[in-house]
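A quick write-up on the structure given underneath.
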Amino acid sequence: HGLGGEQGGQFFLRARAADWRLSIIHGQRDRTVTTGSYATIADDRGHVETDRYSLIDLNKDWELAPKLMLYQRFYAGEYGYDGTFPYDISPDIPYLLNVDKARGSWLGADHRLVSTMRTGHRLTLSVEYRNNTRQNQLNYDLGYGCQGYSAAPCLDNRQRSEQMTLLAQDEILLNGADTLILGLRYDKTGAFWSPRLGFIHDGNELGLFKLLYGTAFRQPSPYEKAYITPGYTYGNPDVSPELMKSLELSWEKQFSPLSRLSATLYAYRIKQLITSDSAGMVTNATPVNASGLELAYEERWFNGMRLRSSITAQHAADGQGHLDNSPQYMFKLNLAFPTFINGLSGGLETQWIDSRQSNRGQQKIGSYALTNLNFRYQPSGANWEAGLGIYNLLDRRYNDPVSPDLLASGASRSTMPQLGRTLQLRTLIRF
């Protein structure tokens, strides 16, 4: 009925000189959702969601001495979200608007000292501090407080937090062919130690070999810990951070200046993966183990043609079986080509994705292939360019997995139909 839609805009400014860089970004998006998600009234213009963000980032480079550099970064940002959700509660309250708000702001600084004063060593020492000055969440029923429970809001959670990170890393050139990387990161929030190890061997005609090992973690967000209302429990204050270990072995062979083949074998293990259970509440899942192999080939020709292709085989599972939205095989092919028209170039892309699971393994989504065609036109010496993109060129009908969602009818949805053939025109003007 022409009710749904989305509009927004972005502003981006970047300035730089020899030793400093400044970036300013602001964006906003407004959309009307008429699909009846979260059991709202379907086809109603009252379901509106707006988010906006602003970021400022200043970088400065200092040459303290020959072979001794100090890189500094100062940044600040804020984010805001507002949503209204219409509900038909009862004959007495046929139209109720639930209001959901989130506000976040932060500022921080990152100082990184890099020294190559010692022969055969590249030593990096860094410290980063971030202050999350506002992490607020608010939810209420307009005119009712928290309908059916109290006159107070359903949720009014206000937090702030600090993060401090220390990093030390040394890249050691053992000889002309071998490099050893030793690193250690400490995060004060949670007192996590994250070691990093790497070994690189240049085998000349045999290719370049890399062996990398690392650990990482992720703290639960305020939404995952504290979003709890009388009628809806999602957050869990007892949820623990995710912990991950990864191991990667890669090989790269340059057959000529115009062709390259690479292979990457990887494995990782995640403990305490932050997810949601069947009731929709945040929890820590059983350990996740994943492994995979990716092969990639790239070829270029002197006439401007370029071929890039890759094939991936992977397996990811937890204690309940294969993970949702995790295809076992993927294939990508991209061909860029010139045309007989001066300033006009094209690109043809094909993607094939294997079948996947959704709804916690209860539903299977079939495999599909997509073809995209793009053209770019820029006359010689012009300060503008234009492009045409035709996505899903063959108009393939397919679905993608989504998080299980309750519809207005009470049914559950775990897949979403995707767009058919889509045309996009774009223009870029440089000044």
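Keep in mind it's a predicted model, so treat the numbers as computed, not measured.
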Identify the two heavy atoms, one from [X] and one from [Y], that lie closest to each other, and give their separation to 0.1 Å.
X	Y	value
Pro241	Pro220	CA-CD, 3.9 Å
Gly235	Met281	O-CE, 4.1 Å
Thr84	Pro86	O-CD, 3.9 Å
Gln159	Asn157	NE2-OD1, 2.8 Å

Does a donor on one side chain sit under 3.5 Å from an acceptor on the other, for [X] and [Y]?
X	Y	value
Ser358	Asp324	no
Ser54	His26	yes
Glu171	Thr179	no
Tyr129	Glu162	yes
Tyr223	Gln135	no
Tyr71	Asp110	no
Asn392	Arg421	no
Asp43	Thr34	no
Gln72	Trp62	yes
Tyr329	Gln314	no
Glu349	Asn372	yes
Gln163	Asn132	yes

Main-chain N/O of [Y] paired with [X] side-chain donor or acceptor, under 3.5 Å:
X	Y	result
Arg300	Pro257	yes
Asn175	Ala177	yes
Glu252	Leu261	no
Gln137	Pro222	yes
Ser326	Leu323	no
Glu294	Ser310	no
Asn359	Gln363	no
Gln272	Asn284	no
Thr116	Arg122	no
Thr286	Gly319	yes

Lys/Arg-Asp/Glu bridge criterion (N-O < 4.0 Å) met for [X], [Y]:
X	Y	answer
Glu298	Arg308	no
Glu385	Arg426	no
Arg185	Glu128	no
Glu242	Lys271	no

Do [X] and [Y] have side chains that get closer than 4.5 Å, going by heavy atoms?
X	Y	value
Tyr75	Leu58	no
Ile270	Pro287	no
Leu113	Leu68	yes
Leu70	Asp61	no
Gln328	His315	yes
Phe375	Leu373	yes
Arg218	Ile274	yes

message: Ring-plane angle category for His111 and Phe74, please: parallel below 30°, perpendicular beyond 60°, tilted otherwise.
response: perpendicular
task: Give the ring-plane orientation class for Tyr38 versus Phe85, where under 30° counts as parallel, over 60° as perpendicular and anything between as tilted.
output: perpendicular
message: If the test is salt bridge (Lys or Arg N to Asp or Glu O under 4.0 Å), which one of Arg21, Arg73, Arg14 qualifies with Asp57?
response: Arg73
- prompt: side chain to side chain contact (heavy atoms under 4.5 Å, CB included) with Met164: which of Asp187, Thr189, Val127?
  reply: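 Going through the options one by one, the only one that passes is Val127.
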- prompt: Are the aromatic rings of Phe199 and Phe209 close, with centres under 6.0 Å apart?
  reply: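 Ring centres of Phe209 and Phe199 not closer than 6.0 Å.
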message: Determine whether the aromatic ring centres of residues Phe192 and Phe217 are separated by less than 6.0 angstrom.
response: yes
field: Full working for side chain to side chain contact (heavy atoms under 4.5 Å, CB included) between Asn374 and Tyr391
entry: CA-CA 8 Å; Asn374 280 272; Tyr391 301 96; 3.2 Å; yes
message: Taking side chain to side chain donor-acceptor pair (under 3.5 Å) as the cut-off, I'd like each qualifying pair that reaches into residues 99-108, sequence neighbours left out, listed once.
response: Asp82-Lys101, Asp82-Arg103, Asp100-Asn139, Asp100-Tyr227, Ser105-Thr133
field: Inter- and intrachain pairs under side chain to side chain donor-acceptor pair (under 3.5 Å), touching residues 193-211, at least two apart
entry: Asp178-His201
- request: Show your reasoning for whether side-chain hydrogen bond (donor to acceptor under 3.5 Å, both in side chains) applies to Ser367 and Asp354.
  value: CA-CA 4 Å; Ser367 61; Asp354 195 14; 4.9 Å; no
task: Let me see the working for Tyr377 and Asn342 under side-chain hydrogen bond (donor to acceptor under 3.5 Å, both in side chains), right down to the final yes or no.
output: CA-CA 8 Å; Tyr377 178 65; Asn342 185 34; over 6 Å; no
- request: Carefully, step by step, assess Asn383 and Phe431 under the rule side chain to side chain contact (heavy atoms under 4.5 Å, CB included).
  value: CA-CA 7 Å; Asn383 63 347; Phe431 55 88; 5.6 Å; no
query: Would Ile56 and Ile25 count as a side chain to side chain contact (heavy atoms under 4.5 Å, CB included) if you check the C-alpha gap in whole Å, the side-chain angles of each, and the deciding distance to 0.1 Å?
result: CA-CA 6 Å; Ile56 182 169; Ile25 301 173; over 6 Å; no
Verdict with supporting geometry, Asp395 and Arg397, salt bridge (charged side-chain N to carboxylate O under 4.0 Å, His left out): CA-CA 6 Å; Asp395 201 24; Arg397 303 299 177 183; 3.3 Å; yes
query: Centre of Trp251's six-membered ring, under 6.0 Å away, within 45 degrees of the axis: is that where NZ or CZ of Lys253 sits?
result: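 That pair does not qualify as a cation-pi contact.
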task: Could you please spell out the steps behind the salt bridge (charged side-chain N to carboxylate O under 4.0 Å, His left out) verdict for Asp19 and Lys60?
output: CA-CA 6 Å; Asp19 57 359; Lys60 180 74 167 81; 2.9 Å; yes
Pair Thr350-Trp352, side chain to side chain contact (heavy atoms under 4.5 Å, CB included): steps then yes or no: CA-CA 7 Å; Thr350 297; Trp352 179 81; 5.6 Å; no
